[in-house]
**Student:** 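This is the structure I have questions about; it appears just below.
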Protein chains: 2
Amino acid sequence: MAYRRTDTVSARLADNRRGILNAARELVAQGGFGAAQMTDVARRAGVATGTLYRYFPSKEELCRQVFREVSAREMNVLAGIAAEDRPALDRLRDVLTTFASRAVSGRRLAYALLAEPVDDGLTEERTRFRRVHGEIFAGLLDDAVAEGTIAPLNTKIAAACISGAIPTALIGPLAPQSHELDDGGPKVVDEIVHFCLAAIHGGGTGHKTKAKAEQRVSA
Amino acid sequence: MAYRRTDTVSARLADNRRGILNAARELVAQGGFGAAQMTDVARRAGVATGTLYRYFPSKEELCRQVFREVSAREMNVLAGIAAEDRPALDRLRDVLTTFASRAVSGRRLAYALLAEPVDDGLTEERTRFRRVHGEIFAGLLDDAVAEGTIAPLNTKIAAACISGAIPTALIGPLAPQSHELDDGGPKVVDEIVHFCLAAIHGGGTGHKTKAKAEQRVSA
DNA sequence: GACAAAAGTGAACTGATATTCATTTGAAAA
DNA sequence: TTTTCAAATGAATATCAGTTCACTTTTGTC
């Protein structure tokens, strides 16, 4: 009879796969996807380079898998809060606060997920990730409008603004110095969330004195 | 007597340099810095690959130069408006509107400047670029606070939020479909600017019922 | 026109990584 | 125990863009 894969082996294979994914995830969390070189992943996972390719067809696929796992966790946390049975604005505040706090405490990972230079395959995953954020935020805003808690507004655009404001204020050149966030930066997080919520309340579609700035576009 | 560079030659050299920079800029505006490969730049500029290196020591330097030229123009436009002699909030609205409108009409270039994956040298330039944005916005907010037009707030954080909100809402996965912006997207621009200004008015440092969400960080 | 120096050329080189594959190791069937 | 095939190995290879440099062409001086 031909060779037949036994349970012991299946288990070891699964272990290896997990080990590789974990090694990759750890490297990504340390230095981003770029820093997770196949040789390093293999060493950290305790296997040979070639072995990686028995589990994943390419670096891109490995990284995608890592991205999916990590981002799924983040999305679930936020989606969980968004689905609670409470007033929309309360949920929104908590979602934003959680988003920001987690980004701070996992800054390097947040950078990898949201901002790091990556190639096409990962960009696709990132797009999904960011779209989900947008949908969660927009959904809560829709709820709040439906509840009558806030004035109607273009919730998609507002959600996009929020999605950009929070990471930018926490990661990258405009963020506070990293050491200022070492305690989780609750103060900063609160300020940012406050900014976003204030924008939501700021008064529906009403446009005040129309600016004439849009003519200055060419130059 | 030794060789002496003549005016004709100097002029041709300057022309070549400009030609190379222009070719590079055009390629960047089409496909970002990554797409501007040295071979392509050379072809487009009508010179040989090696010639590029008689004008610029490396691709990095060439790209930096392009980045500086392009970003300087943008920063000057905004700084000019910011320096006008008008109420701070008027200037702020015009600055934001201009920033957003220009980002829309030069979407691909804006992407290269603000969001495209680039390597270290360019990241440095980008950091400067974004810091200047932050300073311009924060300065206007400071002015508005000084004028008493808005309640005191952490202007640096607010500026960072604005710097993130506008590009995110206009470029990338959360932006409206590109064709929706083909007319310059004045409607969308207005909504985004409105969002930011509303946040500014939204009420100083006042923190409402403190969220308990910050405990959800680990998981 | 002859010589020297600069400018221009583009094929070959380099370095950094991802990927392959001939070979070895280890586990299952006979 | 022997046979057989999956799994693992890691040195060798492939790739890809940036960079170099031996050579050609153009320009300036005498």
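The basis for the numbers below is simple: all heavy atoms, side chains too, and nothing from hydrogens, waters or symmetry mates. These numbers come from a predicted model, not from an experiment. The chains referred to below are lettered A, B, ... by the order of the sequence lines, with proteins before strands, and numbering in each begins at 1.
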**Student:** R54(B) CZ to dC21(D) C1': how many Å, rounded?
**Tutor:**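 Value for this atom pair: 11 Å.
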**Student:** Which heavy atom in K59(B) sits nearest to a heavy atom in G34(B), and how many Å separate them?
**Tutor:** NZ-O, 4.2 Å
**Student:** Given atom CE of M38(A) and atom P of dT20(C), what is their separation to the nearest angstrom?
**Tutor:** 10 Å
**Student:** Under a 3.5 Å cutoff, is there a donor and acceptor pairing between the side chains of N76(B) and R73(B)?
**Tutor:**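 Note: N76(B) and R73(B) side chains miss the donor-acceptor criterion.
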**Student:** Compare the minimum distances between each of dG8(C), dG18(D), dA18(C) and the side chain of R12(B), then state the nucleotide with the smallest one.
**Tutor:**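 Output: dG8(C).
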**Student:** Could you tell me the separation between the CZ atom of R17(B) and the P atom of dG8(C), rounded to a whole number of Å?
**Tutor:** 13 Å
**Student:** Is the phosphate of dT9(D), meaning OP1 or OP2, less than 4.0 Å from a side-chain N or O of T51(A)?
**Tutor:**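 Indeed, a polar side-chain atom of T51(A) lies that close.
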**Student:** Of the nucleotides dA7(D), dG8(C), dT19(C), which has the atom closest to the S58(A) side chain?
**Tutor:**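 Looking only at side-chain atoms, S58(A) lies closest to dT19(C).
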**Student:** Write down the distance between CG (N16(A)) and C1' (dT9(D)), rounded to a whole number of angstrom.
**Tutor:** 13 Å
**Student:** Does dA8(D) have its OP1 or OP2 closer than 4.0 Å to a side-chain nitrogen or oxygen of Y55(A)?
**Tutor:**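 For dA8(D), OP1 or OP2 has a side-chain N or O of Y55(A) closer than 4.0 Å.
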**Student:** Between dG10(D), dG8(C), dA17(D), which one does the side chain of Q37(B) approach most closely?
**Tutor:** dA17(D)
**Student:** Take atom OH of Y53(A) and atom C1' of dA18(C), then tell me their distance rounded to the nearest Å.
**Tutor:**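 These atoms are roughly 5 Å apart.
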**Student:** Just the rounded figure in Å: distance from C1' of dT9(D) to CD1 of I20(A).
**Tutor:** 13 Å
**Student:** Could you walk me through whether R91(B) and E84(B) pass the salt bridge (Lys or Arg N to Asp or Glu O under 4.0 Å) check?
**Tutor:** CA-CA 7 Å; R91(B) 286 178 281 149; E84(B) 288 172 4; over 6 Å; no
**Student:** Specify the separation, in whole Å, of atom CG of D15(A) and atom P of dA7(D).
**Tutor:** 15 Å
**Student:** Just checking, any donor-acceptor pair under 3.5 angstrom between side chains of R107(A) and S178(A)?
**Tutor:** yes
**Student:** To the nearest Å, how far apart are K59(A) NZ and dT17(C) P?
**Tutor:**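 Taking NZ of K59(A) and P of dT17(C), I get 9 Å after rounding.
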**Student:** Using only side-chain N and O atoms of R43(A), determine if any of them is under 4.0 Å from OP1 or OP2 of dG10(D).
**Tutor:** no
**Student:** Find which nucleotide of DNA chain D each of G50(A) and E60(B) is nearest to by heavy atoms, and output the residue with the more 5' nucleotide.
**Tutor:** G50(A)
**Student:** Look at R18(B) together with D15(B) and state whether they make a salt bridge at an N to O cut-off of under 4.0 Å.
**Tutor:** no
**Student:** From the set dG18(D), dA8(D), dG8(C), return the single nucleotide nearest to any side-chain atom of L13(B).
**Tutor:**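 So the nucleotide nearest the side chain must be dG8(C).
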**Student:** Given dG10(C), dA8(D), dT9(D), which nucleotide is nearest the side-chain atoms of V47(A)?
**Tutor:** dT9(D)
